[in-house]
Enquirer: 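This structure is in structure tokens; I'll ask about it shortly.
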Protein chains: 2
Amino acid sequence: MPARQPAKPRARRNISEVRPYHHGDLRRVLIDAALQLAAEGAEISVREAARRAAVSPGAPFRHFPNRDALMSAVAEEAQRRFRAEIEVALDQAPAADPFGRFRAFGLAYVRWARRNPAHFEIISTGRYFAHGSSAELTRDNAELIALTEGILIEAAKQGLLRSADLKRIQIAGRALVYGFARMNLDGHLPRWGVEEDEIERMAEGVIDLFIAGIAKP
Amino acid sequence: MPARQPAKPRARRNISEVRPYHHGDLRRVLIDAALQLAAEGAEISVREAARRAAVSPGAPFRHFPNRDALMSAVAEEAQRRFRAEIEVALDQAPAADPFGRFRAFGLAYVRWARRNPAHFEIISTGRYFAHGSSAELTRDNAELIALTEGILIEAAKQGLLRSADLKRIQIAGRALVYGFARMNLDGHLPRWGVEEDEIERMAEGVIDLFIAGIAKP
DNA sequence: CCATTATGTAATCACCGATTACATATGGCT
DNA sequence: AGCCATATGTAATCGGTGATTACATAATGG
């Protein structure tokens, strides 16, 4: 028999500050521990995350119903960081120069993936948690895609494109960038893929090649 | 007390047929079970493979030093099947038509990946076993890459290319095809990615767009 | 001031990869 | 013909993992 609260008379503290009970926002600490775990190349295990948070093995399950939920939260955080960096890069290219923006987008994309391989893997693969399990992740990703769409629309508006099939160009562009990023992580660039500079230059080359391919001659 | 069977004539059997001891080539049965497991979308576990082979949990370790070795063998088998199908497709395009060959290659690549997502994942990711742990896998993959290189060289020889930077074109082409194949598996084509036909048409469109982009006008 | 609820602990379970000691079948060797 | 080294499989066991449950305690708010 629940004594229903008539209201919240007490001024609730600032919402943005989640209140610590025992540990002090164990949820966040677990997510950070998991991200660090991934960054170190280790498997993410709930137990290890708990261990690093100096908490019992069962404690995390007070904050996440199961491992997948933790992974989803981890993916959301990684996606947040990823998007932030992409947007910074995009802001440095003028909106009136769609090819420049696409270039900036592709380079930032590849660079982040290369520098945060494990996190990129978690974000992009949908293999670490049930697909569509996180609405935030889905929305974030959709916005990122819409962003590339906007770039292409602007290019079309300016009459820069050889073809009018925007969807096709968009898919091709995403496939190119995504594929190049993944080739790095998946070890498909065995010989020369060691030098950071070489990767960067090749990324530029590949993106420029693509732009030249879709640009009106 | 088991009655010994005097059978087995002295002559050593055909070498190509591995000799069954107790089970009858448990090694192969385990690999097949693992492949099937993956195809069903389940995790590959040594125990489950053993279970399906109706053998004790420790038995597989007589044939593979550890789980990774089994995974490597599984990857080798999957790669064999993959390559076989690619080569069939390539054989149906005349060697004198490099663009047609690239198109056939890309389509066969994407189609196989889509139809055998788990196996493609195992092959291409290098996340399921130590990278470079299988010389055969490495060699096979290198040959596949050399194949695409040959196609481009032929195109250049015929003066079909706009740019002379073959390496750049090759990387871009591989990134495009690999990226598109992975986008399918990784759930990056949420809306329209359900219809097999639509995927196929989009694959053709993307590949043709790429070809048009690198072809001399 | 105290009941409710949020949070954490301890104990336990089933499953997994892996190792070890032991049992048995196989086929080469003499 | 027979023996035996070895290839193969089993049983028992270990530590690690995700997950559930019963229980303990801290914090909140009426």
Side-chain angles (χ1 to χ4, degrees), chain A residues 1-15 17-31 33-34 37-38 42-74 128-130, chain B residues 1-15 17-31 33-34 37-38 42-74 128-130:
Chain A
M1 28 219 329
R4 274 297 53 128
Q5 60 279 42
K8 301 184 177 173
R10 288 260 186 266
R12 199 120 162 67
R13 278 199 290 238
N14 189 344
I15 283 211
E17 185 204 338
V18 183
R19 58 233 349 253
Y21 269 67
H22 301 63
H23 186 281
D25 205 356
L26 175 58
R27 183 188 159 89
R28 163 115 259 131
V29 172
L30 288 170
I31 293 175
L37 224 34
E43 289 280 313
I44 294 184
S45 101
V46 177
R47 281 183 121 85
E48 180 60 26
R51 212 169 285 131
R52 295 201 177 189
V55 104
S56 81
F61 293 95
R62 292 290 173 184
H63 298 268
F64 306 96
N66 51 38
R67 183 183 186 277
D68 263 23
L70 169 59
M71 292 304 294
S72 286
V74 167
Y128 294 93
F129 48 91
Chain B
M1 275 318 197
R4 288 296 168 82
Q5 313 158 10
K8 303 313 179 225
R10 286 296 171 193
R12 198 127 157 43
R13 279 187 294 218
N14 188 344
I15 281 212
E17 185 202 339
V18 182
R19 277 173 342 319
Y21 270 67
H22 301 64
H23 185 282
D25 205 356
L26 176 58
R27 183 188 159 88
R28 162 116 258 130
V29 173
L30 288 170
I31 293 175
L37 224 34
E43 290 279 314
I44 293 185
S45 100
V46 178
R47 280 184 122 87
E48 181 60 26
R51 213 170 284 134
R52 297 201 175 188
V55 102
S56 80
F61 294 96
R62 291 291 172 186
H63 297 268
F64 305 96
N66 51 39
R67 185 181 184 277
D68 264 23
L70 169 60
M71 292 305 295
S72 287
V74 167
Y128 294 93
F129 49 91

Enquirer: Quick one: is D:dA7 close enough that its OP1 or OP2 comes under 4.0 Å of any side-chain N or O from B:His63?
Expert: no

Enquirer: Side chain of A:Leu26: nearest nucleotide among C:dG8, D:dT10, C:dT19?
Expert: C:dG8

Enquirer: Could you state the CZ-C1' distance from A:Arg52 to D:dT17, rounded to the nearest angstrom?
Expert: 16 Å

Enquirer: Whole-Å distance between C:dA6 C1' and A:Phe64 CZ?
Expert: 15 Å

Enquirer: Looking at every non-hydrogen atom in both residues, tell me the closest pair between A:Pro57 and A:Ala50 and how far apart they are.
Expert: CA-CB, 4.2 Å

Enquirer: What is the minimum heavy-atom distance between B:His63 and B:Ala59, and which atoms define it?
Expert: CD2-O, 3.9 Å

Enquirer: Rounded to whole Å, please give me the gap between CE in A:Met71 and P in D:dG18.
Expert: 10 Å

Enquirer: Could you check which of C:dG8, D:dG9, C:dA18 has an atom nearest any side-chain atom of A:Ser56?
Expert: C:dG8

Enquirer: Could you please name the option among C:dG17, C:dT9, D:dA19 that lies closest to any side-chain atom of B:Arg47?
Expert: C:dG17

Enquirer: Please report, rounded to the nearest Å, how far the P atom of D:dT17 is from the CG atom of A:Asp68.
Expert: 17 Å

Enquirer: Are A:Ile31 and A:Phe64 close enough that some pair of their side-chain heavy atoms sits under 4.5 Å apart?
Expert: yes

Enquirer: Does D:dT17 have its OP1 or OP2 closer than 4.0 Å to a side-chain nitrogen or oxygen of A:Arg51?
Expert: yes

Enquirer: Kindly indicate whether the side chain of B:Leu26, heavy atoms from C-beta on, has any atom under 4.5 Å from the side chain of B:Arg62.
Expert: no

Enquirer: Using a heavy-atom cut-off of 4.0 Å across all strands, would you classify B:Arg27 as base, sugar-phosphate, or nothing?
Expert: nothing

Enquirer: If you pin A:Pro57 and B:Pro60 to their nearest nucleotides in DNA chain D, which one's is more 5'?
Expert: B:Pro60

Enquirer: Take atom CG of B:Leu30 and atom P of C:dG17, then tell me their distance rounded to the nearest Å.
Expert: 12 Å

Enquirer: D:dT17 phosphate, OP1 or OP2: any side-chain N/O from A:Ser45 under 4.0 angstrom?
Expert: yes

Enquirer: Looking at A:Arg67, I'd like to know whether one of its side-chain N or O atoms comes within less than 4.0 Å of OP1 or OP2 on D:dG18.
Expert: yes

Enquirer: Between A:Asp68 (side chain) and A:Met71 (backbone), is there a donor-acceptor pair under 3.5 Å?
Expert: no

Enquirer: Out of D:dG9, D:dG18, D:dC23, which has the shortest distance to the side chain of A:Arg62?
Expert: D:dC23

Enquirer: Could you check how far CZ of B:Phe61 sits from P of D:dA12, rounded to whole Å?
Expert: 18 Å

